[in-house]
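A note on names: the letters A, B, ... follow the listed sequences, proteins ahead of strands, and every chain is numbered from 1.
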Amino acid sequence: MPSIRRSEALGCWVPVLTGLGLLGILIATWPDPPQGPRFEGAGAPTPRSGGTFVFHHEENVRTLDPHIAYDELSGMAIRLLFDGLLDYDDESNLIPSLAADMPTVSEDGLRFRFRLRPGVRFHPMPGLPSGRELVAEDVSWSLHRLLSGAVGSPGYPFFSSILGADEYHRGEADRIEGIRVVDRYTIDFTLKEPDQTFLNAMAMTFAYPVPRENYEHWGEEVKFHPVGTGPYVFDEWERDVELRFSRNRRYWRDRPGPDRMIFQENLARELAAQRFRNGDLDAIHRQSPSDYRFFRNAERWQPYLSEFPRVSTFGIGLNCEMAPFDNVHVRRAVAFAIDRQGWSRARSGRLLPAGQILPPALPGHDPNLPEAHTFDLDRAREEMRLAGFPEGIREPVTVWISGQDQTSTQYGELLQQDLARIGIQVRMRFVSFAAYLTESGKPHTVPAFFTGWNMDFPDPSNFLDILFHSRSIHPENSENRAFYRNPELDAILDEARSETDRHRRIDLYRRANAIVSRDAPWAFTYYPLSMEVWQPYVKGYRPHPVWSQDYRNVWLDLPRRRLAERLVGAGSTAPAVFFPLGGRR
Amino acid sequence: MDQRAWRRFRKNKGALFGAVLVSFVTLTAVLGPLLAPHDPNEQLRETLINDDYEPAAPFEVPGHWLGADSTGRDELSRLLHGGRVSMMVAYLATLLAIAIGTLAGVTSGYFGGWIDFGWMRLVDLLLSLPFLLIAIAIQRVVEDPSLFFLILLLALLSWTTLARVTRSKVMQVRQLEYVQAALALGMGHLRILLRHVLPNVLGPIIVLGTTLVARMIIFESALSFLGLGVDPPDASWGSMLNEGRQQLAYPWLMLFPATLIVMTVFGFNLLGEGLRDAFDPKE
């Protein structure tokens, strides 16, 4: 190509310009996604059965064995498949579930007698095609398996007050002394000391009764083949894609609900929001900041969403055994340097500033706590001076963050800027959630880390005991990841655990809460504001105060109807146009 | 570049356009910190995030003409600083790759034998490795990789094509009469290489080097996109693209770095093509 003639030069630009023009037109006329719901219910006055309910989570379900599972998303599936002896109502009160009524308690608060509801049946399982009845022996067998050292359940500490549980866990006894089957439907539990959280523990998914035959048949594989007594029967698990359940037609509590449920796992929140707006997903519970803003401002979605503070606390864990955070003044300086309002602005206003471990929903939280962490640069600088670092700390501090996406990077950058103001340089170390859990549980390993705690049951001990009692420090798998040791706090927590007078007990937790804020093993950052949205034809759902995403009471107001005028506004191109009911049910 | 090559180059409009793009991008990268109106890492959480919690859009807040990202940092300043990182990595990695590739190509082409065999098997080995996968694996294994490490990695994995082309060109040149004459006259190998061989293979090297810069920019972006590039809070175009992709509600966060990457790569490719045509009049 020695030279180019003018016409040739023009010739090569024509397709380029045309292409750019077409691209421009495409962008300008690209249809907006629908602004409101695309489907509505038929208007059935009473609950009815039928249809398929589709929900999701952005991570992967690891196991469906209730003895092992200790995370939010496994819990979503496990509560559909299993039942506990006890459950919570909509006001966080304990209510009987598989138990016929609340257990009777002896005078000294040490003996609990549970009477089981007769006629409850397990789902079909290998060798028992029509299931079998749940009896007291099942409850005993399940707890023995849960508490055996070989299983290594993370739920063990919640049940350690049962008489003989420790010996059994260590393998020194072949059964737990404090668990006794009285007759077919009656079981007694004896504690070694009064424990105000024992009934809460019995309502946790760990304590859900399971059939022995199923565990013996599957062995290790049982986590893929759950058999319970719950309202849904497990059908199939396409790993990393979805779990499918169908309604248990022999459920002891006969109530209407969807015939099938599909739990899509591994579905990113942005994608989930798109599918939801398109009508392919029936409920969403986590949103990116921009999707969150969309739903909050979309008028037509308002009746179908709920925004509420989750009972969780987030913060920066500061390892009290590692420099520079072995110095309480440095820890407090960090706590006072965090601009919580600024963080919230960068995160769509969804972070409620936190200054203490106990969230507002729990007894023991003190709105006027003098020790509470707030944003106060002068105080932060003063603490740095008291710590002996008036000019700041030369060595950068490594802060661990789990995940490496826009969200985790942004949190890290927010912290970087805030701590730079008091002379602490932050270096971020991005690790997987699994690596974070493993490494931060070992002493002298992780100096600082982004962390959070979501409640298992509505009691202050579920935060304070687990996160800050020196008993939660182990050579590995410590839950006290800040490695904070304070005999004064330990004594208060131990006293509170067995205190029977409710007011005195709350008072003890209030004191413990103040101590933790004062010593700042965490710099508390925020309580998250959650939003859940569901389709207009999804009935009977409200976010539960204890359980995350509890879909057991859902029913579908079918057939769902396409909203015609909104379709035009949406400029829809989805194949759903050709199916009057959305092509799904 | 001799007179004829320069004339051919000047007549090639595409190449000139590429040269303009390249010099524009390079200049902004070099002068970036001087041109940037703000600190690229300063979070203006109060001014650049509105009360509806949206980051400032382009032209919304005076003085911040390209808007802000969702943490409230000035987008223009980040782009200018980010370009600097991307360009520096690309240029340095290319220079290093050229150095290694030329050394390998010239020595193996000129001396042949075991030297040739050794270099070429190494090239075969490296060419059989999937580049990006290796880069990701190494970056993951090495704790806390630095920018220098990234440059070294990119260079070490991308000198192979250059070595092959140089080698074949050197083998041609070696057979030419004047080289043979120089050998017969007892000229030293080093002198022959520098005086007679290198000037002859410079053309292909420049051409390949130019397109290599374009590839390096893409690789750097890809690695940053995967979160393996620069450390936050510093930006590179790739990492900015990655952040933007996750916030499609604010399309400018993705559009600006993407446009710049495309523009730069396009420019370097045009320039490379033009140089090739200029140096190689056979077509």
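Of the listed residues Ala346(A), Ser344(A), Ala420(A), Ser348(A), the one with more heavy-atom pairs under 4.5 angstrom with chain B than any other is Ser348(A). With respect to chain B, the highest number of heavy-atom pairs below 4.5 Å among Asp291(A), Asp418(A), Thr409(A) belongs to Asp418(A). Ranked by non-hydrogen atom pairs under 4.5 Å with chain A, the options Leu48(B), Ile49(B), Asn50(B) are led by Ile49(B). For the options Glu270(A), Arg293(A), Gln410(A), heavy-atom pairs under 4.5 Å to chain B are most numerous at Arg293(A).
Annotation for Phe308(A): atom CZ counts as buried by contact number, over 12 foreign heavy atoms lying within 6.0 Å. For Phe430(A), the CZ atom counts as densely surrounded, since its 6.0 Å shell holds more than 12 non-hydrogen atoms of other residues, nucleotides or ligands.
For Asn41(B), the part lying near chain A is the backbone, with the side chain staying farther off; criterion is any non-hydrogen pair under 4.5 Å. Arg347(A) does not touch chain B: none of its heavy atoms, backbone or side chain, sits under 4.5 Å away. Only the side chain of Arg73(B) comes within contact range of chain A, with heavy atoms under 4.5 Å apart.
Closest heavy-atom contact between Gln416(A) and Pro233(B): OE1-CD, 3.0 Å. In terms of heavy-atom proximity, Ser290(A) sits nearest to Tyr250(B) at CB-OH, 4.1 Å.
Between the side chain of Arg45(B) and the backbone N or O of Gln341(A) there is no donor-acceptor pair closer than 3.5 Å. Checked by atom type and distance alone, the side chain of Gln43(B) never pairs as donor or acceptor with a backbone atom of Gln417(A) at under 3.5 Å.
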